[in-house]
There are 2 protein chains.
Amino acid sequence: MTSKQRSAPASLATVAAAAGVSIATVSRIVNGETRRASAETIERVRKAIAVVGYHPNHAGRTLRRRESRLVAMLAPNLDNPVMAAIAASTEAALRAAGYVMILCDTHDRPDLQDEYLNAMRSQVVRGYIMVASVPSAVLKDFVADGAPMVFVNRRPPFGRGAFVGIDNIKAGAEAADMLWSAGLRRCGVLAPAQGSSVTRDRLKGFCNRMRALGVTEIPKAEAAGRSHLEIGYEAARQLAARDGWLEGLMCVSDQIAYGAYRLARESGILVPERCRLVGIDGNPLNRWIAPWLRSIEVKYEDFGQPIVELLDHVWHGRGHAERIMPHGEA
Amino acid sequence: MTSKQRSAPASLATVAAAAGVSIATVSRIVNGETRRASAETIERVRKAIAVVGYHPNHAGRTLRRRESRLVAMLAPNLDNPVMAAIAASTEAALRAAGYVMILCDTHDRPDLQDEYLNAMRSQVVRGYIMVASVPSAVLKDFVADGAPMVFVNRRPPFGRGAFVGIDNIKAGAEAADMLWSAGLRRCGVLAPAQGSSVTRDRLKGFCNRMRALGVTEIPKAEAAGRSHLEIGYEAARQLAARDGWLEGLMCVSDQIAYGAYRLARESGILVPERCRLVGIDGNPLNRWIAPWLRSIEVKYEDFGQPIVELLDHVWHGRGHAERIMPHGEA
DNA sequence: CTGAAAGCGCTTACAG
DNA sequence: CTGAAAGCGCTTACAG
């Protein structure tokens, strides 16, 4: 109701002039420094703010305070549902704490990660949330500098750092149990080639458990690809070509299971009757359109809260804590 | 290799002192104002920048220039794959043009949309990309103020504005053709209750085409719910209870089709043999795990480029253009 | 209870 | 080719 067409935006000075007080006073009131200020002045300033249509300019505040309310999240691959769930919940938790999240898509590339880290530093962001980070030169510098960071899913590639994620070894073991308890003995694993620590731990947990159960041979296929969907398809193809269709396949992620499913369907293999698929992640879509998939469920929509808590720890210099999130079957 | 542990970051002044020149000179060189400057000075400054580990502080620049390189995208519901695809492609296009995107999740709520619009203005963002915006008080003010905006998918709720989206009426008509050409005559539609213009147009296009083909009765179910998945499930339930299972169902979005699929499966109805489902959006996941769904494909990953182009138009005062994106069958 | 003043880091006309 | 200076909007010790 107040704004003028494209005129210069109102500043503290505008308000001060309109209210007949100093900008210091306006600043205090804007910032809720209400305890020392006469009720009358407060009222006059509030009115002036409404009249001139004042909105604070964070560039000024950031410059002065040498810190902003911005928090950067760097994540690979926005269209991965796991990332989307983490991003959505973190965004909500940060907003509740009075912060604004900047979401950067690194495409899992070290060069883009570095570009964004630099860009975010230039924005004077207050913290960095690294989801599935990748080793890179600038990241190394940031860690060495003690930049406030929380790592999610993948552990920090350099030194120590706050971390939120699940126990992937345990998750892998439970995937093994799923297949075993269904009576399946000849099972294989599908994974991305040169996977992250997440992949490695899930594989390790699975294989160790299987061996503990007495299974000595665990056929494995690793493939490269632009997405886990393609990786799953290709890895399943390699495995089927080599060992035929096994009774069960443990897929390192649900998306890999989707890829394997497609090949099975195209090959006339019934899932889960002829070949059972087990995944990890618990994509919420499963119960709607992939009822054939059993999966170790991870509640990524619960990650936001602990992520923000750990960031708070780091800000207060309380060291690098960890939050190992629970997971279940689904 | 240069950064010190948590010391104050280097500023232009630091560099200037180290290089023995004025901060004006450093500023020019940092900004590539290289034409007027001796090669020797440039070299000296470059060296000093590396030595002190200088990185620009955008708060200072923004304050001075009264504009930033930040662009805000406000979108409902980050975990909707349609939004994810639009966000990812826009982010890439903006980055290529030298901007940084801030992604805000409005949860389709007017109050959050307003909160974010205000917050983004405080960040001095240079433009606003409103994906599926909702009518709200602050949005109205922004539009009246002539804030640089591009609307995506849903048309601007107030006045005129730049727009990127598809021809939803045509898409609805083509969905009708899909069912008709498969020989199906008794078909219904599933939609969200109180849908947006997108929903209305898709419905309108579908019904008009069906009527043109001689179909007089088009059973329709509209349901409310937290997600299109639930809406699809519930709408299908209502329709089946009222009219039994029809030969075909046109679902206003793929997610609605997923919901309907779940009910069909639970009801022992074979899809697509007994009941054919047609959706709109062309979720890339379909070819992997939902081969039973035919869908009008929209290339949301192509939206980023035109969105940034229109933003550019607006910035240069070239008025409010539109880009109607193509769609196809899939 | 309130204000004058310094200064955060940067850009940019202006002078030389 | 380079620099001194003003000023963007804000916060905050300090003085009163």
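Just so it is clear, the model here is predicted, and its values are computed rather than measured. A note on names: the letters A, B, ... follow the listed sequences, proteins ahead of strands, and every chain is numbered from 1.
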A.B. asks: Would you mind checking if A/Arg155 and A/Glu322 are paired as a salt bridge, meaning a charged N to carboxylate O distance below 4.0 Å?
C.D. replies: yes

A.B. asks: Specify the residue among A/Thr25 and B/Arg28 whose closest nucleotide of DNA chain C lies further upstream toward the 5′ end.
C.D. replies: A/Thr25

A.B. asks: Which dot-bracket string fits DNA chain D when only Watson-Crick or G-U wobble pairs with both atom distances under 3.5 Å count, crossing pairs get [ ], and | stands for a partner on a different strand?
C.D. replies: |||.||||||||.|||

A.B. asks: For B/Gly60 and B/Gly20, take the nucleotide of DNA chain D holding the closest heavy atom to each; which residue's nucleotide lies nearer the 5' end?
C.D. replies: B/Gly20

A.B. asks: Looking only at non-hydrogen atoms, find the nearest pair between B/Asp108 and B/Arg154 and report the distance.
C.D. replies: OD1-NH1, 3.4 Å

A.B. asks: When you match B/Ile23 and A/Arg65 each to their closest nucleotide on DNA chain C, which lands nearer the 5' end?
C.D. replies: A/Arg65

A.B. asks: Within the structure shown, what part of the strands sits under 4.0 Å from A/Thr41 by heavy-atom distance: base, sugar-phosphate, or nothing?
C.D. replies: sugar-phosphate

A.B. asks: Flag yes if more than 12 heavy atoms outside B/Arg318 fall under 6.0 Å of its CZ atom; otherwise flag no.
C.D. replies: yes

A.B. asks: Can you name the residues that form a ring pair (Phe, Tyr, Trp, His ring centres under 6.0 Å) with A/Tyr99, not counting sequence neighbours?
C.D. replies: A/Trp315

A.B. asks: Heavy atoms of chain A, cut-off under 4.0 Å: which first and last nucleotide of DNA chain D, 5' to 3', fall inside that, if you could look?
C.D. replies: D/dG9 to D/dA13

A.B. asks: How far apart are the closest heavy atoms of A/Phe158 and A/Val143, and which atoms are they?
C.D. replies: O-CG1, 3.8 Å

A.B. asks: Under 4.0 Å between any heavy atoms, over every strand shown, what does B/Ala24 touch: base, sugar-phosphate, or nothing? Just pick one.
C.D. replies: base

A.B. asks: Working note: A/Asp302 + A/Ser89, criterion side-chain contact (heavy atoms from CB on, under 4.5 Å); need CA distance, chi angles, decisive distance, verdict.
C.D. replies: CA-CA 7 Å; A/Asp302 292 347; A/Ser89 74; over 6 Å; no

A.B. asks: Of all heavy-atom pairs between A/Met101 and B/Ile102, which one has the smallest distance, and what is that distance?
C.D. replies: O-CG2, 3.6 Å

A.B. asks: For residues B/Asn31 and B/Arg61, is any side-chain donor paired with an opposing acceptor at under 3.5 Å?
C.D. replies: yes

A.B. asks: What contact category does A/Ser38 fall into here, base, sugar-phosphate, or nothing, at under 4.0 angstrom with non-hydrogen atoms?
C.D. replies: sugar-phosphate

A.B. asks: Work out how far the C1' atom of D/dG16 is from that of D/dT12, and round it to whole angstrom.
C.D. replies: 16 Å

